[in-house]
Amino acid sequence: MRCFIGIDLGSTTTKAVLMDEDLGVLGRGITNSRSNYDTATAVAKQEAVVDTRLTLFRRGLADDAGIPDVDDFMDRVAQYFRLEQFLEQLADLHETCSRFVEGGRFQNREKEAMETLEIIFGRIGDEAPALYAPGAARKSDFFRDLAGSRFMQIGGDVAKLVGLPFDLLLNVYDKSIIEVENRPPSGDLTGKFGRALDRVLGEMPDLDADTKKMHATLEKALAQELDETYVVGTGYGRVTLPFPKEHIRSEILCHGLGAHMMYSGTRTVLDIGGQDTKAIQVDPAGIVENFQMNDRCAAGCGRYLGYIADEMNMGLHELGPLAMKATKSVRINSTCTVFAGAELRDRLALGEKREDILAGLHRAIILRAMSIISRSGGIRDQFTWTGGVANNPAAARELEKLVRENYGDVTINIDPASIYTGALGAATFAQRAVINGEGAAS
Amino acid sequence: MTDTTSAEETVKEPSMITQKHMIAANYDRLTSAPESGTKVVSTYVPGNLNELIMCFDMVSNLPEINAINNAMRKKSGGYITEAEKQGHSEDVCTYVKADIGLMSKGAIAPNGKPIPPPDLLLLSYTGCFTFMKWFELLRDEFGCETVMLHIPYEGDGIVTEHMRDYVVKQLKDEVIPALERVSGVKFDIDRLREYLRKSAAAEDDLVWVLQSAKNKPSPIDAFFGGVFYIGPAFTAFRGTDEAIEYYVQLRAEVEDRLARGAGPITPEGEMGPEKYRLVVEGTPNWTSFREFWKMFYDEGAVVVASTYTKVGGMYDFGFRHDPDRPLESLADYCLGCYTNRNLVQRVEILENYLEEYEADGLLINSIKSCNSFSAGQLLMMREVETRTGKPAAFIETDLVDPRYFSASNVRNRMESYFQMIEQKRRGGGSATVAA
Amino acid sequence: MATDSTSQVIERCEQLFEDIDFAAARAWKEAEPGRKVIGYMPVYVPREIIHAGGMLALGVLGGGENIEVIHGDAYYQSYICRIPRSTIELAITKRLDFVDGMLFPSICDVIRNLSGMWKMMFPDVYTRYFDVPQNFRDDIGGTYYINELNELKTGLEEVSGRKIEDDALRRSIALYNENRRLVNDVYALRAKQPWKAPASEVYLVIRAGMVLDVEEHSQLIRDYLAAAEAEDRPPRDNCRILIQGSFCEQPPLNLIKSIELAGCYIVDDDYILGTRWLLEDVPVDGDPIANLAHAFLHQSTDCAAKYEPDGTRKGHFLVETVRRRGAEGVIFASPSFCDPALLDRPMLGRALSQENIPYISFKYAENSGQMQPIREQAGTFADSIKLWSAA
Amino acid sequence: MTVTIGIDVGSGAIKAALFDIEGDKIECLGKRVERIRQSDPLQLAEEICDDLLGDGGMERGDVAYIATTGEAETLGFATGHFYSMTTHARGAIHLDPEARSVLDVGALHGRAIKIDERGKVLDYRMTSQCASGSGQFLENIARYLGITQEDIGPLSEEADNPEKVSGICAVLAETDVINMVSRQVSASNILKGIHLSMASRLVKLLRATKVKEGAVLMTGGLALDSGLVAAMREAMEEQKIVVTVESHPDSIYAGAFGAAIWGAFRHEKLARLNQLAAVS
Ligand SMILES: Nc1ncnc2c1ncn2[C@@H]1O[C@H](COP(=O)(O)OP(=O)(O)O)[C@@H](O)[C@H]1O
Ligand SMILES: Nc1ncnc2c1ncn2[C@@H]1O[C@H](COP(=O)(O)OP(=O)(O)O)[C@@H](O)[C@H]1O
Ligand code: SF4
Ligand code: SF4
Ligand code: SF4
C-alpha cells in the first residue's frame, strides 16, 4: 500500500508518522534525537512501522472474533514487543560495555569489572518484564533513559559493594550508550513480534484462540508491503535531514497543519518542544496566519524540565504527577534552563517542598508560554496544545487555569499524541504532495 | 546613506558613485580640518542643522554615520567590545559604544586619517534620549563646548506654537551664539535662506524618487536602496549644489528604470520579478546589510516604503525647508522628524504607506539598541495589522553590533513570513510552499 | 496615645506595597463621589497641581515582583526593561481601570513611547507625555515649562471638571513641602543611625506615598519616625554605602534586604526619586506655577534623565552626597536595559574614582529572583571595606 | 598557634581546609573536597568539617575560628562568613604570591578578580546568568561524549582543528555540540572548541578588570582542567595580554584556604579588640 511519512527531527525527540492515502494515521514512532540524524530518523521511522504493523495486525484480528478484549490484547502484544526490543538492546549494551572494559582503564581489575557488569545487566534484565507489565509506569520511553537510570542506581550500589570506582563504570556506560544508540536498529521484526505474541498467548491460557491462525494473521500483517511513497521532513534539524528541499517544511507550518488535522476547529496552536516554544495562529483551513517563537533563549522549554528531572534524579514522566500533589505553588521567576538546578537547590534550602517547587516551575513554564501566545495575538477558539510537554499533567493543569483566566471559555484540545503533531503535519504535506500534486511548488 | 566599501564587487549606479565621491570629499574636509583651520562640529542626523552649520563655514562630523560606516566595514564589533571593556554596559545603544570605541582607537576615518576632535558638540536632542547621554559622554571625553538644542517631543501628535517658540528661542539665544563663538563667523540670515532654498529643491527630487515606489514594479527599493537615496539630503550635503545635482542624476536613473519597467538595482544587479511589496519599519542592520538585503531580493521582495528613510525629515508628508521662515522652518524640521513623532502618528504613517504603496505587508525590524524606535513596535504592528488586514512580521536585530544578527533566525522568520503572504494570496487553497 | 511600633507601621506599608490592585487608592476614590485619580510613572511630576485639583496622585512604579506578566511581554521585545511590561500588564488586567488620567514624565524613550501606547490602548483616559525642559534658562526653558505646566493644569481641570485656583495650589505646595521635609528627615535618621531605620523599611515608608494622599502619608512618616527613634535596635558591623541608578524601575524588596544582609548599610539612595526631586521648599507666596517652574529649573536633584548643561559638574552631586552622608562606597544598581542609568554610569564612576570613593555595579529587574550574585557582590564589597579600612 | 577551618560551599562541591596560623607562618593541616550530588550541602559541609577535624585529632572546640565562604551564610556553627571573592583573593595570594588576578571558574560561575599583593580585591567581573562557560556544562558534554573528567584536559590539548561553540546559552550550545558530533567533529576538537569559547569569555572578564601585570591564578574546580588552562593561555596571547596564566594543584581549595586565613586574621583582630575592651 502507498504510505506517506512525516518525520519531525526535534531537538530532543525525533518523531515519525505513517499515513495511508486517505489521511488515516497507521502508525507513530518516536525516539530520542541524537548526534546521528540518519539513525534517529531511521529509528523513528522503524518505530512507526512497528506501530503500523500493530495496527494492521489489529485490523486482521478484528475480523477474527476469537478475542474478547482486543484492546487489552493488543496492549499486551505491544508491551511485550517493547520488552523484546529492550532486551535486545540491553544485550547489545552489555556486550559493548564489556568491550570497553578491556581497554585497560581498570588496571588489572578487568575481571572484577566484567563480573560487576554481569551482575548489573543481569539485574536490569530481570527487572525488565516488570517495566513492561500491563499498567506499569515507566520513567521514560527511551532505552537510553531507562537503561541509564537503572545503571546509575544498580551500578552505584554494586560498585560500592565490589569496591570499584563507579565513575569508571559510568564512563564505560557513557561511551557504550552512544555506540549502541547510534547503531541502526536491527531489522528483525518478525522474531520479536512472534516472541511477543507467544508470551501473550502464554499468559492467557484461557483464551480460546487458534494460535496458529493468530500467527498467520500476524505474518500477514508483517508481510503487507509498505511503500514509502513520499517523505516530508520538518523540525529543528530539518535542514540537516538527508532530504531534497521540496521534501522539507518549516515546523511552524507542520504544527499548524498537524493541529488542524487533529482538531479541525483549531485556530490557535501552542507548541512547547525541547528547545523552543511557538504560538501559531491558523485559519480555518489550517494555514498559518501569524506566529511567535521564543528567541535566543531556551528558557522554560522541554529541556528545562529535563534538567530539573536530572537534578531531582527523577524521570521526565514523573515530574508532572509529583507536581500535581503540591498544596501551593512556589513563585519561580527565572526559567533559565542552565540555572534550573541552582534555583531548585536554593528553594529546597529555604525549606520549600519538592512538589511545591515543581508546581511553581510548571507554572513558570506556562506563564512564559502565555506571553508568547499573547505576542502572537492571543487565544482564539479552539486552542490546541502540541509538543512533548503537553503530556505533562501539571503543565496542562496550569495551562488550563491560565487560559480560562485570561481568555475565558475556549475549547482546549490536548491530544495524547500531541508530541506527534509536527510529524502528522509533515505526513499530511507528503500525502498532499502526491495526491493533490502540490509537491512541485517551491 | 553611506558608501559600502565592502570587499565584494558591488553593482553600482552612477549616482552611487557620485555619492561615494561626495562622502569621501566630506571625510577629507573633516580630517584636514586642523590644517585648513576649519572648525569641526559634531552633531546628529535626525534634526541636524546642516544649513545653519554651513553658515559658519564649519564642517560636520556625524557620529551615527561613522558608526554605520564602521559597521559596514565590519569594524564596529571591535569598537563595541572596546567600549564595553571601558565599562560601558552591554545593554545600551551600540551606536554610542561604536563611537566611543572608535575614539579610543584613534578615531580613524574611512580615508585612513584621524577625525579631529570636535570644536563644538551640537546636541540636537531630537526624538532620542540616548543622544543626550551620548554627547554628555563625548563632552566628558573631549571637554569641548557643548550646546543643547532641546526639541520637545510631539507627545500629543502636534506641534504647538510654544514648542516652536522654544526651539526658535534656543536657536537664537543658545545655538547661534555658540556657533558664532566657536567659528568666529558672524551669523548671516540671508546665507541661511539661500541654503534653505537649495535644500528644498533637493528635497523635491528626493520625494519624487521615494514615491516612485508606488509604481508596479517599483523601480527602487525604498529601504535598502533608500538608505543610499536619503544620504545627501539627511547629512552634510543638504543645502548644497552637489546635493541638488545628485538628486537630478538619481531621478534620471529612476525615470529610466521606470520607463523600462525595471525593478530596483541590488548589489548583484537588477532584481528579478517583483513578488512581494513590503513596508519596513525600523532601522536597517548595518553589520550584515548585504546578507539581510539578499534575503529580500532572492525572494523577489521589494520594500516600497520605509520609515527609517524619514528620520532625517518627513518630506513626503509635505515638509520643506523654507527660506521665508528660516529659523521657524528649521524648528519645524526638527520637531517633525520621524523619531520625534508619537506612536499614534507612527501607526498612521505606516497605515498610509501600506495603502498608498499597495504593499502586501509590514515588516518590523526591531533594533535591540534603540528604545526610541523599538519600544512599542509590537503594539504598532498589531494596530497596523488590524487596520489594514495585511500580515505583519517582526524580527529582532541590532544596528552595529554583529553579535545580535542571527542570520538563521532572521531567515527562518522571513521564510515563514513570505509563505504566509503567499498562502494569504492563494486564499487558503493550500499550504505547500517549501520552507 | 500609644505610638505604633515600627512593625505596625511597616506592616501597613507592606500591605500597600504588595497590593497590586491599589485597594487604598480605590477606597480613596470611592469615599466621595466625583473624586478622580491621576496616575504617574517615575520620576517627577508636579503632584501639587494634581492635588490642588482635588485629585489623588497615584505613583505607578510597575508591577514589581508580585505580578505575573502574561500580556505585557506581547508589547515588548526582549531588550527592554521590565517596568513598561508590568505597567501594561496592570492596565490590561484592569488593575488601573479606576485611573482617570496618566502622566508619563520625560525620563527616557521607553516611558515616552509608553505614553503613545496608552493613547492607543486607552483612548478614554486622559494621557499626557509630560515634557520638561532640558534648557534651564528662565527665559527659554522656563517659559516653555510654564506653558507645559499650564497645559497640564488645563488638562487636569478638564478631567476633574473644576478649576484649579492659585490658592488651592499654594496650599498643596505647602503640604508637599512638608511631606518632602519629612521624607528628608527619614533619610537623615537613617544616615545617622542606619540600624534604627533599615533600608527596606525606609523604602516601604516612602513607597507608601505613591498610593496615599499626601497628608495621610505625612502622618505615616511621622508615626514611623517616632517609632523608629523610640525602638532600640543593635548596630551591626556593616559598612555604609549609597545606592545610585535605581530611580525608575524599582528593585525587588529582597534585593534591598540582601544588600543590607550582606553587610552594607544603605545611607542614601535614589529609589522613588520623585519624592525628593525638589531639593528645597517651593515658595508658597507668589505665582505658584512660576514657583514650581523655578524650583524645577534651579533646585532639583541630579538624575540621568536631566541634561547637565555644565560638563564640569558631572558626578559632583553624587560625590557631595557621599560626603554628606558619610558613605564609604557606592553601589550602582540599575535596571537591565536602562539606557539613562547605564549610560551615566561610566561618567559617575570616573567622578568617584577621582575622589577615591570605591564603587561596584550590577543590574537587576523588578522581578529578579536570584539574590545570590547580589549578595556575593555586595558582600565582597562590604568585606573589602571592612577588612581594608584603616581602622 | 591559631587553628582555623575554612569551609567553601559551592554549587558543585564542598571544599574544606584546616589551618594552623602563627603570624606569617601559615600551615595547612588538612583538606577535603567532596561532590555534592544529591545531598544537602549544609549537612554535608558539617560532616566534612567534622571528618577533617577528626583526621587531625581535633574537635570543634579546638578551633579558633570556623570561617565559611560560598553559599554558606546560614551555616549555624560557623564563627563568621566571608564572601567568595574575598576568600579566593586571599587563597590565591597564599598559593601564588605573584598572582595579581584570580580567575575562579566553578560549576556555575566564572569570576575575574583583580587583587593586590596583600590579596585585596581591587575590581571584579562575574559572568552573567547566560553562561555556558561553566563546569556543569563541560561535565554534561563530557558525559555525552563518554569522557571522564580527568580526560577532558588531555583530550582537549590534542585538538588539531577546534570548532568554537556559538551562543551564550548552555542549552543551545549543547545542541551545537550534538550537531558537531553529527558532522563527525572529533571529541578533542569539540572540547577544545568549548574551552576556547569559555576562554574568550573569561579573558573578556579579565580584561574588564583591567589586569596589566603579574600572574593570573586560576582557582576553582576548572583550574584543574589543563585544557581550559591551555586555552586561556592561547586566548590571552591572541588578545595580546602579557600576563601569565597559572594554575595550582590546590586551586580548587582557594576559597577554603582564603576563608581559613581570613578567619585567623579576624580572630586576632577580635582578640585585640576584646583586650582593649578589657583594659578600658
Ligand atoms: N510523557 C511526558 N511527560 C512529560 N514531558 C514529556 C513527556 N514526553 C515528552 N516530554 C517533554 O517534551 C519534550 C520534547 O518535546 P518535543 O515536542 O518532542 O520537542 P522537540 O521537537 O524539540 O524535540 C521533552 O524535552 C520533554 O520535556
Ligand atoms: N580534575 C578536574 N578536571 C576538570 N574539571 C574539574 C576537575 N575537578 C573538578 N572539576 C570541575 O570543577 C567544578 C567544581 O568547581 P568548584 O570550584 O568546586 O565549583 P563550585 O564552587 O561552584 O562548587 C565541577 O563542575 C567540575 O566539573
Ligand atoms: S542560559 Fe538561560 S537565560 Fe540564557 S539563553 Fe540559556 S536558558 Fe536562556
Ligand atoms: S537609541 Fe536609537 S535613535 Fe538613539 S542614538 Fe541609539 S540608535 Fe539612535
Ligand atoms: S527603567 Fe530605565 S529604560 Fe526603563 S523605563 Fe525606566 S528609565 Fe527608561
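A note on names: the letters A, B, ... follow the listed sequences, proteins ahead of strands, and every chain is numbered from 1.
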Just so I understand: if I count every heavy-atom pair under 4.5 Å between each of C:Ser115, C:Ser361, C:Gly141, C:Pro84 and chain B, which residue has the most?
C:Gly141
Mind checking whether B:Val344 and C:Met117 have side chains closer than 4.5 Å, heavy atoms only?
no
Under 4.5 Å from any heavy atom of chain B - which part of C:Asn135:
both
Residue selection (most heavy-atom pairs with chain B, distance under 4.5 Å) from C:Val110, C:Ile107, C:Asp139, C:Thr143:
C:Ile107
The interface call for C:Asp310 against chain B, heavy-atom contacts under 4.5 Å, is backbone
Can you say whether C:Pro346 sits under 4.5 Å from chain B via the side chain, the backbone, both, or neither, judging by heavy atoms?
side chain
Aromatic ring proximity, centroids under 6.0 angstrom, B:Tyr125 and C:Tyr307:
no
Kindly indicate, with the supporting measurements, whether the criterion side chain to side chain contact (heavy atoms under 4.5 Å, CB included) is fulfilled by C:Ile80 and B:Asn371.
CA-CA 7 Å; C:Ile80 292 177; B:Asn371 287 345; 3.8 Å; yes
With a 4.5 angstrom heavy-atom cut-off, which part of C:Thr127 approaches chain B: side chain, backbone, both or neither?
backbone
Could you walk me through whether B:Arg346 and C:Asn113 pass side chain to side chain contact (heavy atoms under 4.5 Å, CB included), step by step?
CA-CA 11 Å; B:Arg346 283 169 64 186; C:Asn113 287 5; 4.1 Å; yes
Contact leader toward chain C among B:Ser374, B:Ser372, B:Cys370, where contacts are heavy-atom pairs under 4.5 Å:
B:Ser372
Rounding to 0.5 Å, atoms OG1 (B:Thr339) and CG (C:Asp109) come to a distance of 9.0 Å
What's the separation between atom SG in B:Cys93 and atom CG in C:Asp339, rounded to the nearest 0.5 Å?
6.5 Å
Heavy-atom distance under 4.5 Å between the side chains of B:Glu396 and C:Tyr79, does that happen here?
yes
Residue by residue, scan residues 138-150 of chain B and write down, ordered by number, those that have a heavy-atom distance under 4.5 Å to chain C; if none do, write 'none'.
B:Arg139, B:Asp140, B:Thr146, B:Met148, B:His150
Within 45 degrees of the ring normal and closer than 6.0 Å to the centroid, is that where the cationic atom of C:Arg112 sits relative to B:Tyr153?
yes
With side chains defined as the heavy atoms from C-beta onward, is the minimum distance between C:Lys119 and B:Leu343 less than 4.5 Å?
no
Does any backbone or side-chain atom of B:Glu136 lie under 4.5 Å from a heavy atom of chain C? Answer side chain, backbone, both or neither.
both
Please state whether the side chain, the backbone, both or neither of B:Ser369 comes within less than 4.5 Å of a heavy atom of chain C.
backbone
Please report the interatomic distance NZ(B:Lys133) to CG(C:Leu343), rounded to the nearest 0.5 Å.
7.5 Å
Please rank B:Glu383, B:Gln377, B:Glu174 by heavy-atom pairs under 4.5 Å with chain C and give me the top one.
B:Glu174
Scanning both residues in full, the closest heavy-atom pair of B:Phe129 with C:Ser106 reads CE1-OG, 4.4 Å
B:Asp91 side chain near C:Cys338 side chain, heavy-atom distance below 4.5 Å:
no
Chain C contacts, top residue of B:Asn342, B:Thr160, B:Leu379 (heavy-atom pairs, under 4.5 Å)
B:Leu379
To the nearest 0.5 angstrom, please state how far the CE atom of B:Met380 sits from the CE atom of C:Met120.
7.0 Å
When the 4.5 angstrom heavy-atom criterion is applied to C:Glu148 and chain B, the contacting part is both
Lys/Arg-Asp/Glu bridge criterion (N-O < 4.0 Å) met for B:Asp156, C:Arg128
yes
Determine which residues belonging to residues 79-90 of chain B lie within contact range of chain C, meaning some heavy atom pair is under 4.5 Å apart, and list them by number or answer 'none'.
B:Gly87, B:His88, B:Ser89
Under 4.5 Å from any heavy atom of chain C - which part of B:Asp173:
both
Aromatic plane relationship, C:Tyr144 with B:Tyr166 - under 30° parallel, 30 to 60° tilted, over 60° perpendicular:
parallel
B:Gln170 side chain to C:Ile140 backbone, donor-acceptor under 3.5 Å:
no
4.5 Å side-chain heavy-atom contact, C:Gln77 and B:Phe394
yes
With respect to chain C, which residue among B:Ser366, B:Ala375, B:Pro152, B:Gly157 yields the maximal number of heavy-atom pairs within a distance under 4.5 Å?
B:Ala375
